[in-house]
Number of protein chains: 2
Amino acid sequence: MKPKITLKDIAKELDVSISTVSKALKNSKEISKETKDKIKAFAKFYNYRPNNIALSLKNKRTKNIGVVIPDIVHHFFTTVFRGIEKYANEMGYNVIVCISDESFDKEVINMEMLANGSIDGFILSLSAETQKKNDFTHLKELLDQGIPIVLFDRISAEIDCDKVVLNDFEIAREAVSHFIATGSKKIALITTERYFNVSESRKEGYVAALKANEIEVDNRLILTLPHDRDNTNLITEFFQHNEIEAILCVNEMFAVQCMSIIQQLGYAVPEDISIIGFTDGILSRYSSPKLSTIAQHGEKMGELAAKLLINRMESVQMVEEPFKTEVINATLIKRGSTIN
Amino acid sequence: MKPKITLKDIAKELDVSISTVSKALKNSKEISKETKDKIKAFAKFYNYRPNNIALSLKNKRTKNIGVVIPDIVHHFFTTVFRGIEKYANEMGYNVIVCISDESFDKEVINMEMLANGSIDGFILSLSAETQKKNDFTHLKELLDQGIPIVLFDRISAEIDCDKVVLNDFEIAREAVSHFIATGSKKIALITTERYFNVSESRKEGYVAALKANEIEVDNRLILTLPHDRDNTNLITEFFQHNEIEAILCVNEMFAVQCMSIIQQLGYAVPEDISIIGFTDGILSRYSSPKLSTIAQHGEKMGELAAKLLINRMESVQMVEEPFKTEVINATLIKRGSTIN
DNA sequence: TATCAACACGAAACCGTTTTCGTAACTTTT
DNA sequence: AAAAGTTACGAAAACGGTTTCGTGTTGATA
């Protein structure tokens, strides 16, 4: 057991002052070559590394960024996180993750915890509860304290900070237009009540595409599913009661579930019914037929969010760079569940 | 913009000393009630929170734990991480994640980075490269410095620390025994070259079950696949050249891929061929038929790892508690891809 | 009235760095 | 030989807390 060595230890051992050691290790020209060599050799031998905590205290920056996401067992968030971690790491930052678990309280508590010095900035995606409550005082207070925040995917217009979002509206419109172009008219939307801003935009895109093609919006063709329950019966009923030619689902779980139920009901995919999902995850790639889906480019999104944050943290003036909202362009990947 | 307030600020404002403020906020009985009330009110009004970094420096503990995993876009690691984060959070710890990306160098650099004061202990699963190189000096040095480490899943006997593993051998044997009990004799194993200790144990379990039932081990029935390439052709050939009645796959991707290929080749699952995979992830649950699989209880594993680590970090004596290796019992979940 | 607790508070050390400033001891210039 | 400039280093403050130890002012006790 050889515990970590400090400047003080080196100083004592070599009979010089702490300042001399510090300067020598930073190669200051204030120190003579012999002394520097001696100190460096000693430090190297004992594998001296400066203490990050002490540095953080001194420099008033931790080189840590806090990431708060609603859920980690979710392909999209996982890939975004990967992007964040990758870029942050390259730039010499560490990442502290907190999972809000879709809970407002957890989000608040975790952020306040981290904000007391542990991190230099936040990247987060709002929890479902926070979106429902529409209460952003915790975020506003942090911004007020001068802690930069970057919001991604689940954002709110009420919060004045950098943001990264997907062009949900446009890509949903594109997906539905593709259905229409390949001959479908009775197009269903399967959505969730939870991801507010995101699913709203997707729905609007869906509606816009229909209207642009003079197809009437039939609310019976929009199925809103709870997120954490078994929806098999709801979905089955839905398809028994409605004649449908194409389905847009707001996530890949709904999409494969629909596909499987449809196939069991005797329809062929994509000949009878086409399907497009959101999230180019593992499910989409391993289903049969392979699912046509909307790639959200989570990793890119994460990288961009990290870049925005780090830029802002490191910009010296810090003052009046206006807040940006960057848009990631989703891609419609046409695979086996659509007619292409 | 109102920046964070410190003890010094309060002291100056209220015209008392810093020590008095500190004591008052900790409710020390050294301080008179009136002074305490005054200070507390002021602190509350200005939303005073002690600076974590200063505390860390003083207390020589950060209440952060470092988690180093090879990959995050992987259901098993994700669930383990979830378990760690959950337990750690309950115990007042934050989690700093680094992704080694299966690279030895990244693992080393990240850990050295964090070890200089940023964290109190590590939880990690070895990268593939580290296992291949069999070089654990970085871990040994950290242990030597008194930094506790808990290893999970991808471990090594050479490292003397707490560990959490799955009973891979037994559960693989159980899975293969189930195949045999339901009438299969020609049983394939589809494995990977990468996760050394883990896949080795699984293979041994496979072999043990065969031997126990006096079935000869046929090496042609063991297919080793590279991890990151498209294996469709390899798998297809494998099934065209071998008569097989049951398959054990070491992950769920292989399993659904096999299932899909088999079905295309005209076999029925599970009537003609049974399949069992590892990892009870999203793929297993959404395939058709639903995949029988081995649940690794990642979340439990993560919680246990965190518990081991925190126990060790908080045990006052710190000295001679011997290192433990805890075993998580996997569960064989029988679903539609096996005859049950 | 001198002694002694109890009370309420402040000074200062400490955690491990960085950095500014001061200063002996030389060396160079005039 | 005095003045000025270098060189090579140390002392100390600062970051934001906690904690030990002193100490001046009370009030009670002998």
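Side chains included, hydrogens not; waters and symmetry mates left out as well; all remaining heavy atoms used. Throughout, protein chains are lettered first and strands after them, A, B, ... in sequence-line order, and every chain is numbered starting at 1.
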Atom-pair distance ([atom1] on [X]; [atom2] on [N]), nearest Å:
X: A:Ile10; N: D:dC9; atom1: CD1; atom2: P; answer: 16 Å
X: A:Ile5; N: C:dT17; atom1: CD1; atom2: C1'; answer: 15 Å
X: B:Lys12; N: C:dG10; atom1: NZ; atom2: C1'; answer: 17 Å
X: B:Glu30; N: D:dT18; atom1: CD; atom2: C1'; answer: 12 Å
X: B:Asn27; N: D:dT19; atom1: CG; atom2: P; answer: 14 Å
X: A:Asn51; N: C:dC15; atom1: CG; atom2: C1'; answer: 9 Å
X: B:Ile18; N: C:dA11; atom1: CD1; atom2: P; answer: 10 Å
X: B:Leu25; N: C:dC9; atom1: CG; atom2: C1'; answer: 15 Å

Is B:Arg61 touching bases, backbone alone, or none of the nucleic acid, heavy atoms closer than 4.0 Å?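 Answer is nothing: B:Arg61 stays at 4.0 Å or more from every strand.
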Heavy atoms under 4.0 Å, any strand shown: does B:Leu7 hit a base, just sugar-phosphate, or nothing? base
Short of 4.0 Å, heavy atom to strand atom, which residues of residues 32-44 of chain B count as contacting DNA chain D?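 None - not one residue of the stretch has a heavy atom sitting under 4.0 Å from the strand.
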Using a cut-off of strictly less than 4.0 Å between a heavy atom of the residue and any atom of DNA chain D, enumerate the qualifying residues of residues 110-119 of chain A by number. none
So which nucleotide from [options] ends up closest to the side chain of [X]?
X: A:Val16; options: D:dG10, C:dT17, D:dG17; value: D:dG10
X: B:Thr6; options: D:dG17, D:dA14, C:dA11; value: D:dG17
X: B:Lys8; options: D:dC15, D:dG17, C:dC9; value: D:dC15

Could you check whether any side-chain N or O of [X] sits under 3.5 Å from a backbone N or O of [Y], counting only pairs where one atom can act as donor and the other as acceptor?
X: B:Ser315; Y: B:Arg312; result: yes
X: B:Lys36; Y: B:Ser28; result: yes
X: B:Asp120; Y: B:Thr62; result: yes

Could you tell me whether [X] and [Y] have a side-chain N and a carboxylate O separated by less than 4.0 Å?
X: A:Glu158; Y: A:Lys140; answer: yes
X: A:Glu102; Y: A:Arg154; answer: yes
X: B:Lys38; Y: B:Asp15; answer: no
X: B:Asp162; Y: B:Lys324; answer: no

OP1 or OP2 of [N] sitting under 4.0 Å from any side-chain N/O of [X]?
X: A:Lys60; N: D:dA14; answer: no
X: A:Ser17; N: D:dA11; answer: no
X: A:Thr20; N: D:dC9; answer: no
X: A:Tyr48; N: C:dG16; answer: no

Would you say the rings of B:Tyr46 and B:Phe42 are close, in the sense that their centroids are separated by under 6.0 Å?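 Here the rings of B:Tyr46 and B:Phe42 have centres that are less than 6.0 Å from each other.
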Relative to the 5' end of DNA chain D, which residue comes earlier, B:Leu57 or B:Ser19, by the nucleotide with the nearest heavy atom?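 First, find each residue's nearest nucleotide; the 5'-ward one identifies B:Leu57.
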Is the NZ atom of A:Lys63 crowded by more than 12 outside heavy atoms at less than 6.0 Å?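 Yes, the 6.0 Å shell around NZ holds more than 12 heavy atoms from other groups.
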For the base of C:dT17, is there a side-chain donor-acceptor partner from A:Lys58 under 3.5 Å away?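 A donor-acceptor contact between them is absent.
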Ignoring hydrogens and geometry beyond distance, is the side chain of B:Lys23 in donor-acceptor contact with the base of C:dG10 at under 3.5 Å?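 Answer is yes: a donor-acceptor pair is held.
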Select from B:Lys29 and A:Asn59 the residue whose nearest nucleotide in DNA chain C is closer to the 5' end of that strand. B:Lys29
Run through B:Ile328, B:Ile69, B:Leu124, B:Leu304 and flag the one making a side-chain contact (heavy atoms from CB on, under 4.5 Å) with B:Phe152. B:Ile69
Distance only, no hydrogens: is a donor on one side chain within 3.5 Å (strictly under) of an acceptor on the other, for A:His138 and A:Glu107? yes
